[in-house]
Asks: 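Handing you a structure now.
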Amino acid sequence: MEDAARKKLEETTRWEPGETEARIFAGWMEGGYFHPEATGTADENYSVAIPPPNVTGVLHMGHALNGSMQDALVRMNRMSGKNTLWILGMDHAGIATQTVVEKRLKSEGISRHEIGREAFTERVWEWKEEFGGSIREQYQRLGASVDYERERFTLDDGYARAVRKIFTSLYEKGYIYRDHYMVNWDPGSQSAISDLEVVNEERTDTLYSVDYPVEGSDQVLTVATVRPETMMADTAVAVNPEDERYADLIGSHCILPLVGRRLLIIADDHVDIEFGTGALKITPGHDVNDFEIGRRHGLEEISVIGEDGRMTAMAGKRFEGMTVAEAQVEVVKALKEEGVLSGEEEYVHSVPFSERSGERIEPLISLQWFCRMEELAAPAIEAVKDGRVNISPGQWKGVYLDWMDNIRPWCVSRQLWWGHRIPVWYRGDETYVGETKPEGEGWIQDEDVLDTWFSSAIWPFATLGWPDDTAELKAFYPTDFLTTAREILFLWVARMIMTGIEFAGDVPFKDVYVHSVIQARDGRRMSKSLGTGIDPLGEIDEHGADALRFGLLAMSSTQDVRYSDPKVQQGRDLATKLWNASRLILLNTEDPADRTIPDQPIALEDRWILSRLESTIATVTRLINEYDFAHAAQELYSFVFSDLCDWYLEIAKPRIYDGDPEVARVLLGTLERTLALAHPVMPFVTEAIWEYHPYRDGHLVVHSFPRSESERISQSVETEVGEAIALTRKLRGWRDMAGVPPKILLQAKGDASTIPEFVARLGRVDIGAHKGEVVATVAGFGILASDELDMNAINERIAVRRGKIEAEIRKIEGKLGNQKFVDNAPAEVVAEEREKLEQLRRELDELG
RNA sequence: GGGCGGUUAGCUCAGUUGGAAGAGCACCUGCUUUACACGCAGGGGGUCACUGGUUCGAGCCCAGUACCGCCCA
């Protein structure tokens with residue numbers, strides 16, 4: 001090591017992420033390690049497509065978690081020698097982005113309608129150029145080893161061509177069609193939105209009872225509704241066919257109050273006999289269920305609410321132009337005037353809202369483009385059933401299949417300006433669907449754009465150059481795995497599987513891991529609007545990227561978890577620990593002539609740490625491959641803190657300071673393998689330490705990932721050292737109990753040659769053929785009386801200890817005295833209990 | 001309304017096929033031990049939500065109850 005480097009290492013007693021991370025990252029970028037050649041086949045290569053963050057986005061904790069998981073796997077595979085691509089990109093995020101830019105314009109006093117479509121989309125592009133880059137920087141801060149040179153955007157030219165081809169192809173296959181259908185109309189964004197973008201919330205409304213007179217009779221049918229303002233669009237009243245009260249009315253008519261229209265009384269199973277009076281007004285134009293009933297019975301579909309959220313002319317002169325809320329008040333007033341309002345009561349029910357705009361959804365019938373899903377779903381169901389796509393944890397497989405089995409048509413058109421314009425042109429009665437504008441004059445393109453998820457659905461292959469037959473596709477499709485939040489399992493994952501099979505000829509990934517949701521510290525959802533979000537960049541500033549990555553992986557789980565600051569701190573502690581342990585090793589060893597780890601180390605502790613190292617490598621690798629990141633992080637932590645630092649380094653210190661060449665080989669080799677093992681989780685600190693390592697011949701990011709050498713794992717060595725450690729702890733515990741200051745060396749009678757040397761040293765006991773009064777026996781060694789011993793404390797503690805052991809002995813004796821236990825339990829369990837009993841009795845004897 | 005998940009130490013979470021409950025943090029007691037106080041050593045702390053059942057034995061399996069959360073309608 002050069003003097004300057006040595007000096008720096010000597011002086012730096014902490015890992016300082018802030019000063020180092022950017023430099024380390026720049027080194028990786030310079031090396032071009034994240035930008036693989038498109039060579040080889042997808043089978044031999046490793047690839048991952050990042051869930052594209054929204055361009056509107058600021059990196060949030062979900063991205064950070066997802067990125068930490070994917071990067072761990074990507075780095076591990078890259079180090080394992082695979083040609084590895086992790087593709088980065090951004091989603092144009094139709095509604096979200098349009099909303100952001102509209103808000104901006106609004107603050108300048110401009111509406112998008114004033115400047116027009118072209119100027120507006122221009123503004124969005126400008127905005128994208130300005131802010132889109134920040135996502136990239138944020139991923140770099142996290143240390144994500146994505147291919148920054150292959151970045152894609154779901155609205156770039158090549159991608160747009162792929163989208164048009166998909167749409168056209170689906171149309172030609174007959175899956176895409178245009179229809180008047182009930183959609184979730186979002187008055188906020190002035191667009192239809194899909195079922196999946198609707199959130200239901202509990203609301204308390206008034207349930208009104210309205211009397212509908214039956215034609216040619218004195219009878220009235222009382223119907224209950226929370227939406228009296230839609231009654232002008234009623235076209236029937238329905239009762240349950242089993243409902244005897246109304247059996248004779250089926251087929252006759254009643255009269256719609258305020259309007260005077262004759263409404264047929266129909267029978268339909270959907271009607272709940274118990275609810276209200278058992279008679280349901282049917283409004284096919286403004287209610288999803290009523291729409292279904294209406295289609296079943298061939299009812300007329302009337303709209304009294306327009307796309308602007310105001311009452312139309314069909315609602316009648318008195319209500320035309322009113323907002324829905326105003327109309328409700330006025331309709332109730334009118335019903336009172338007519339004397340047909342027979343009841344009002346509070347009613348709690350769930351009401352649909354737009355996830356994006358937050359406004360109450362208005363179910364409307366409108367002309368939209370739809371995609372029929374059954375044919376696309378069938379092979380995607382098969383792929384998951386037969387395991388070509390593996391979804392874990394297992395319960396999500398069921399959720400996926402259940403949703404796919406009941407899949408409904410997908411409304412793919414959106415009344416927005418920002419997005420992929422639907423590739424359909426109209427001229428008079430003619431309709432043309434194609435990838436480019438048709439020949440001839442007078443063609444006008446459809447005004448709508450496609451649902452953002454329509455373009456996200458083809459992400460894994462569109463990013464690789466589909467529909468062209470590119471080297472990238474050949475080398476990296478299908479990808480290997482996907483981590484995702486469960487909320488987009490349907491919106492995104494399912495659709496990628498469908499389009500992947502249909503268009504790219506294979507499933508888009510082999511493994512889907514549905515990760516947990518990290519909640520805010522208080523258990524609420526992390527959300528910008530609630531102000532509960534925790535900024536990952538702030539956490540990185542404070543603790544370093546490695547700490548955040550470790551923390552997120554350590555707190556991740558299959559169930560939702562609260563954000564845990566202590567876990568991030570644990571990550572920071574681990575980084576510091578690695579740093580300092582490395583200082584001890586690197587500053588006190590000479591670069592050995594033989595850089596290999598000795599095959600047959602002489603020292604017991606050397607064989608022990610190498611055994612622990614190799615089994616940790618095996619365990620951590622397996623856990624990461626199983627996506628059990630939390631336990632992988634835990635294993636790393638306890639290996640470094642406990643095995644390596646608390647025990648091995650302490651045991652080996654005298655030899656280290658003596659310059660023992662064999663211990664140097666063990667230490668430097670162990671450090672090399674430990675750094676490489678930890679690198680996928682904590683890339684920065686490991687790379688920084690590697691810079692000081694004498695074996696370094698390039699960046700750690702492309703160093704080979706350790707493969708566990710199982711021949712070094714020795715159960716007998718681990719047991720032997722494990723027992724010696726337990727013994728050391730016993731001696732230390734006894735000392736502490738006896739109130740002996742750490743500086744005082746205790747004297748004990750015994751044969752020191754029966755135990756490893758370090759026991760007495762670390763236990764701070766002088767074991768030998770001493771003479772004197774034995775006051776206690778600890779693990780077979782007689783502690784000699786001395787002035788430092790607090791005999792009162794000792795006697796008190798011995799009494800407590802004895803009580804505990806005796807209780808335990810009684811418990812086990814009871815168990816072994818139970819004939820049923822002895823007869824039925826497996827022999828080894830019984831033997832274990834007997835062994836335990838023996839040990840406790842021995843311990844009791846020792847206490848004297 | 002249907003489905004899924006959760007309830008374990010003060011907090012956040014682990015807990016393999018049923019053999020007697022763990023981690024990190026917090027807490028208490030020591031320690032300026034020349035890698036690290038973001039450290040070291042030692043220690044206390046749990047009727048595993050509740051009620052039944054199966055079993056020699058249940059945090060784990062079965063049935064039910066309560067509360068919390070999520071998804072779908």
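Every chain is numbered from 1, with letters handed out A, B, ... down the list of sequences.
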Asks: Applying a 3.5 Å limit to both distances, which nucleotide forms a Watson-Crick or G-U wobble pair with B:C70?
Replies: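 Base-paired to B:G3.
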Asks: Run the salt bridge (charged side-chain N to carboxylate O under 4.0 Å, His left out) test against A:D3 and tell me which residues pass, sequence neighbours left out.
Replies: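 So A:D3 forms no salt bridge (charged side-chain N to carboxylate O under 4.0 Å, His left out) with any residue.
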Asks: Measuring only the P atom in each nucleotide, how far is B:G45 from B:G52? A whole number of Å is fine.
Replies: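 Roughly 28 Å separates the two P atoms.
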Asks: Paired with B:C40 by Watson-Crick or G-U wobble geometry, both distances under 3.5 Å: which nucleotide is it?
Replies: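 Partner of B:C40: B:G30.
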Asks: Using a heavy-atom cut-off of 4.0 Å across all strands, would you classify A:D646 as base, sugar-phosphate, or nothing?
Replies: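 The residue A:D646 makes sugar-phosphate contact but no base contact.
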Asks: Using a 4.0 Å heavy-atom cut-off, does A:R735 contact any base of the nucleic acid, only the sugar-phosphate backbone, or nothing at all?
Replies: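 No contact.
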Asks: Taking A:K836 first and then A:E833, would you say they form a salt bridge - that is, a charged N and a carboxylate O separated by under 4.0 Å?
Replies: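 Salt bridge: yes.
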Asks: When you compare the side chain of A:S354 with that of A:I361, does any pair of heavy atoms fall below 4.5 Å?
Replies: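 Contact flag for A:I361/A:S354 side chains = yes.
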Asks: For nucleotides 7-23 of chain B, read 5' to 3', which letter fits each nucleotide if B means a protein heavy atom sits under 4.0 Å from the base, S means only the sugar-phosphate is that close, and - means neither?
Replies: -----BSS----BB--S
Asks: Just to be sure I understand the geometry, which residues of residues 650-660 of chain A put a non-hydrogen atom under 4.0 Å away from RNA chain B?
Replies: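 Within residues 650-660 of chain A, the residues near RNA chain B are A:E650, A:K653, A:Y657.
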Asks: Using distance alone, with no hydrogens and no angle criterion, decide if A:R673 and A:T670 have a side-chain donor and acceptor under 3.5 Å apart.
Replies: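 No.
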Asks: Could you check which of B:G5, B:A41, B:A35 has an atom nearest any side-chain atom of A:R732?
Replies: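 Given the options B:G5, B:A41, B:A35, the side chain of A:R732 is closest to B:A41.
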Asks: Do A:R622 and A:N625 get their side chains close enough for a donor-acceptor pair, meaning under 3.5 Å?
Replies: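 No, no side-chain donor-acceptor pair sits under 3.5 Å.
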Asks: I want to check a possible cation-pi pair here: A:R495 against A:W410, using under 6.0 Å from ring centre and within 45° of the ring axis as the test.
Replies: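 Yes.
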Asks: Looking across every strand, which nucleic acid part, if any, lies under 4.0 Å from A:F641 by heavy atom: base, sugar-phosphate, or nothing?
Replies: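 If one applies the 4.0 Å heavy-atom cut-off, A:F641 turns out to touch the sugar-phosphate alone, with no base involved.
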Asks: Is the closest basic N to carboxylate O distance between A:E605 and A:R761 below 4.0 Å?
Replies: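 Result for this pair is no, no salt bridge flagged.
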